[in-house]
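In what follows, a structure is listed as C-alpha cells, so that the remarks can point back to it.
Lettering follows sequence order; numbering is per chain, from 1. Remember, it's a predicted structure, so these values are computed and weren't measured experimentally.
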Amino acid sequence: MSKPVATQAAIVATDEAPTYSPQVLRGLGLKVDEYEKIVELLGRAPNFTELAVFGALWSEHCSYKSSKKYLKTLPTTAPWVIQGPGENAGVIDLGDGLAAVFKIESHNHPSFIEPYQGSATGVGGILRDVFTMGARPIALLNALRFGDPSHAKTRSLMAGVVAGIGGYGNCVGVPTVGGECQFHACYNGNNLVNAMAVGIAQADKIFYAKAAGIGNPVVYVGAKTGRDGVHGATMASAAFSASEQASRPTVQVGDPFKEKLLIEACLELMNEDAIIAIQDMGAAGLTSSACEMASKGGIGIRLDLSAVPLREADLQPYEIMLSESQERMLMVLKPEATARAQAIFAKWDLDAVVVGSLIAEPVLEMQWHGESAGVIPIAALVDEAPQYDRPVAALASPSQQLVTLTKPVAILPALQQLLASPNLASKRWIWQQYDRHVGVNSLSDSGAATASDAAVVRVTGTRKALAMATDCNPFYGAADPYIGGAQAVVESWRNLVASGAKPLALTNNLNFGNPEKPEIMAQIKAAVTGIGDAARALDYPVVSGNVSLYNDTDGVGIYPTPVIGGVGLLADYNQRLSMALTQSGLSLIQLGSGDNSWLGRSQYLMTVEGQEAGAPPSVDFAAERQVGELVLALNRQQRLAACHDISDGGLLVALAEMWLTGAGTDATTSLPLNVQLNPDLPASDAGFWFGEDQARYLVATLHPDQVLAAAAEAGVPALLLGQTTAVAAAAGATAGEMVGKLTLPDGQSITRAALQTAHEAWLPAYMQG
Amino acid sequence: MRAAVVVFPGSNCDTDVVTGLQTVLGIAVDRLWHKQTHFDAAYDLVVLPGGFSYGDYLRCGAIAAHSPIMAEVKRHVERGGYLLGICNGFQILTEAGLLPGGLRGNAGLQFICRDVALQVANRNSPFTCALPNADLTLPIAHHDGNYLIDDDGLKRLQDQDQIALTYTTPVNGSVANIAGVLSANKRVLGLMPHPERAVDQAVGNTDGREIFLSLQTTIGA
C-alpha cells in the first residue's frame, strides 16, 4: 500500500483516509460514481496523485467513454491497412516498401481560449503522433470552423488561429497544403480547429507504443515539464460557460523550434536499432504515454517523478503526471543503445533523461524522492475506464419539407453573391500565411494553375504522390446527422478522385456537443453510422481518428461536424489532375447524377434566400463509386484536362472556381479565357445551377466524344454544358473583359474580373474590420 | 565547383537546397554543421539556407549570426569564396554584417507565401549573369522580409550596383522593393525568394535554375 503524499491544500484529505469533495472530483473531471468505482478497483481510497491520474485517463478525451461503443462499428481494415485505430496514427501501405502515416486531431477548446497557442500546439501534437511512428511528416492540413462573421469574437479568433497554425507549421518546415474553413453562428461559442498530419515511413520500420523487456530504461526526451496544460484533457472534456477564460492556464504553449529538433533527433535515432517503444506525451502527458506503453505491452512501469526535468522547481507529483507541456516524448530503449541515443539527443541539444524502467507487475508505480507517490494497476486505468452507453434520443426525423423559394431567381447576381459569401469566398487570406512549398514536393498549389481538389504531395525520390483533403458539410449534418457523416466521406473520396488519386483510407475528427444530452448522442450515433456505411461501400477504411465532444457553450451545441481527412495514392504524379481551366477549346461536361435540382440545405438557399431549410441531398454510394471510377478511368486514358467535384454551391460555383483558379492576384495571371454555356440548358433554374445533388464531377476535356461515349458505356449520366473559348481582341474592350467572360445560356454574361473581385475581396476586407 | 550547405538547428530548407543544387548542376553537395568551427577551404560556394535558425527567437537570424560556424563563413568570404543566403540565410547575413541593411517584419505583419514577380536589377553578378533577359517569378515564404536601409546606404547600394533583385510591385514593405542584395565585391548574395523551390518542372516553375546556373557559369563545373 502506498503512502499518500502531501498534495494541494484544496484537498479534504488526511493521510489515513482521504476523502474528496464532489468539487475536488469535478475539478479532476470525475463524477462521484466514477470515484466509487476507483475505490472499488483499488480496494482503498486513492491518494491525490493517483486520483488525478484516474481523472486524466478516464476523461472523455483519453477514454472515448461516450463514443467508443459507436467507434467500434467503423470499418478499419483493408489489405493495404498496416495499422488501424489504436496507435498514435494510422498506417497504410503505398507499395515499394513505403507507408503513409496519418491522423487528424482537434484542438477546439484550447483554440477558443487562446487561439494562437491553442492552434499552434494542435499542429505540434498531430506532428508528434506521426513522427512517433517513424514517419517523416510531409504535409499538414486543417479544418476550421468559426462563428458568424458578425459575432464580436470571430475576427480575432480567426486571426489568432491562422497565425498559430502558420507560426508552428512554417517553423517546423512541414508544408501546410490543404484545408477548409466555414462560418456559422453555431460556432460562436466553440470554434473548431482540426489539424491533420501526413508522413512517409518505411513500411517495415514502423514504431509502436508497445513496451517490452523487464528492466529496460524509460527515457524522457525533449522540453522540460511545466505547469502548462495541467488538466488539459479534462478541460477538453467539459462544456464551456461564460467563465471559460479562467481556463487559460490549461492551454499549453508551443515551441516549434524544439519540435523541429525533436523530429530530426527521433528520426535519426530511429535509423539505429535502439527504440523498443515510443509515445509522444500528448493529452494527459506523462500519465497517458506511460500507461499506454505499459498497457500495450502487458507490463508495468516505474516512474521516478523526481528525475523528470522541470521548468519550475516546485511542481507536485500530480502536476508532473498531468502536465501537457509540449514537445516531449517517452521511449523505451534497448539498454545497450542508451548511450548512443543520448549522444544523438545531445547533438540536437535536447534533454534525454532516464526517468524509469519497465517492471513485471502490471502497475503504474510513481516514486517521488525515494518514496512511493502511488501505485495503480494499469488495467484499472486503461481497461476499466468507464464506457458509457449514454441515453440516445430518437432522432427527430430529417426534415423532408420541400424548399420554397421566396425570391426571383437571378443566376449571375446569385453566382456573384455566392462566390463572395463567407463560406465560398476565396480563403487566400488564410493559406497565403502558410508555407505551402517547403520540401519542394507540393505539386498542387492553392490558387495556382496547378491547384486541385485535393493537395497532391510527391513522395521524395519516387514517382508516387499522395493526395489528401479534409471535408465536412455541417449544414447537412444539422438537418440529418447520418447524411452529414456519409456525405463527408463521399466528398473527401470525390476530392481525391478529382485529383487523379485512388482513395485509400481516411481519418476522422468527430466534433459534437455535449454527449450527456440524449439528442447529441443521437447525432453521434447517426453520424458514425453514416461514416461507417460510406467507408464500407467505398472500400475506404477508417485508420485513425479523434473525438471532440462537449463543444457546447451555455447549453448550446455546435452542428454535428464529423470532419473526414482522406488520403489517396497516385502511382505516378504525372497522373495528377488540376481543377484549373487553362486553355481554350475545352468541352465542359458534368458527369454523374443528372438530376440537378436539390436546394435543401444548399449554400444558395442559405446565402441568397436566407433560409436553412429542407433536407440535405441524399447520398448514393453505388452512384458515387460508379462515377468516381469513370473519372479515374478517363484520367488514366488521358482524356481529362481538368476536374472538380461539384459540392458546396453546386454546378455553376464549381465551374466558376475552375475558371478563376490560376487567374489569381499573384504575380502569375493565367491566359485570357471565355466560358460559353450551351443555349439549350435551362437559363434561370436555380436548382440546375446551384443544386447540391451529390455524386457529380465537372470535367474539362479536349475529347468530348470519347468522354460522352465512355460515360454512356459506364451507365453514368453525362451532360455537355459548354466550352472554353479564346478571348478575341476587340476594339474598346475593357481590361476586365479582356481576361474573359462567362456567358449563360440566355446570353447574359459576366467578366472574370468581376467574379474574381467578388471572390477575392470578402475575406481580406472582413479581416481588416 | 564544390558547394556546401550550412545546417543550423531550425534550418528547414537545407535539404531543398542540397537537392536543388544537385539536380540543376549535377554536383555533390556537402552539409556543414553549425557547431563546426572550420571547414574545407576548397568550397567555392557556401549556402545559408532558409528556415527558423535557433527558432528565430530574439530576432530572425540574430542567434545564428553568432553560431560557431560563422567565423569560418566570414573567412570563406575573405578567401574570395561565394556565399548565398536564402530567406533566413539572408537574415543571418545581415545580422552577421556580411551584407548591409536589415530585415524586419513584413508590412502587414503577416507571413506571406506566394509567387512574386522579380526584376533583375544587376545582370552581371556571379549569381545573375546567366539569367534570361526577362522578369523572374519565384516563391517567397517569410514573415520578416521587409528590407530596411538608410538613404546613404541605399545610395551606396545603387552606386555600386549591389541591388540584385527587386519586386516588381510592393510585397512586404522593403525599401526600393529590394528582394536581393549583393556585397560590394558581388560574391555574397542574400535574397528573400527561394530559387531552390523553383528548379523542378513538376512544381510548375523553373525560374530558380538560372541563379544556380549563373554560379556554374562564374565558377565553372
- Region of A:Lys258 that comes under 4.5 Å of a non-hydrogen atom in chain B: neither

- Query: Who wins among A:Gln433, A:Arg576, A:Arg458, A:Lys347 for the most heavy-atom pairs under 4.5 Å with chain B?
  - Reply: A:Gln433

- Contacts of B:Asp135 that satisfy side-chain hydrogen bond (donor to acceptor under 3.5 Å, both in side chains) - sequence neighbours left out: none

- Query: Can you tell which of A:Leu261, A:Asn170, A:Thr450, A:Leu443 has the highest number of heavy-atom pairs within less than 4.5 Å of chain B?
  - Reply: A:Asn170

- Message: Is the distance from the ring center of B:Tyr54 to that of B:His34 below 6.0 Å?
- Response: yes

- Task: Establish, for the pair A:Arg136 and A:Phe131, whether the NZ or CZ atom is under 6.0 angstrom from the six-membered ring centre and no further than 45 degrees off its axis.
- Result: no

- Query: Roughly how far, to the nearest 0.5 Å, is the CD atom of B:Gln162 from the CG atom of B:Leu182?
  - Reply: 7.0 Å

- Whatever's closer than 4.5 Å to a heavy atom in chain B on A:Val172 counts as backbone

- Go through B:Arg197 and A:Asp435 one step at a time and tell me if the salt bridge (Lys or Arg N to Asp or Glu O under 4.0 Å) criterion holds. CA-CA 12 Å; B:Arg197 296 184 181 186; A:Asp435 187 344; 2.9 Å; yes

- Looking at A:Asp255, A:Asn441, A:Val162, A:Asp445, which has the largest count of heavy-atom pairs under 4.5 Å with chain B? A:Asp255

- Task: Sort by residue number and list every member of residues 4-12 of chain B having a non-hydrogen atom under 4.5 Å from chain A.
- Result: B:Pro9, B:Gly10, B:Ser11, B:Asn12

- Note on the structure: From the list A:Ala159, A:Gly439, A:Gly166, A:Ser444, the residue making the most non-hydrogen contacts under 4.5 Å with chain B is A:Gly439

- Interface moiety of A:Tyr434 toward chain B, non-hydrogen atoms closer than 4.5 Å: backbone

- Task: Evaluate the salt bridge (Lys or Arg N to Asp or Glu O under 4.0 Å) criterion for residues B:Asp144 and B:Arg59: first the C-alpha distance (whole Å), next the side-chain angles of each, then the deciding distance (0.1 Å), finally the verdict.
- Result: CA-CA 9 Å; B:Asp144 295 77; B:Arg59 203 169 57 239; over 6 Å; no

- Task: Please flag which part of B:Tyr167 lies under 4.5 Å from any non-hydrogen atom of chain A: side chain, backbone, both or neither.
- Result: neither

- Task: Would you confirm whether A:Ser578, through its side chain, and A:Ala451, through its main-chain N or O, come within 3.5 Å as a donor-acceptor pair?
- Result: yes

- Message: For the CZ atom of B:Phe39 and the CZ atom of B:Arg31, what is their distance to the nearest 0.5 Å?
- Response: 16.0 Å

- Item | Within 45° cone and under 6.0 Å: A:Lys260 NZ/CZ vs A:Trp348 ring | no

- Query: Do you see a donor-acceptor pair shorter than 3.5 Å between the side chains of B:Asn172 and B:His142?
  - Reply: yes

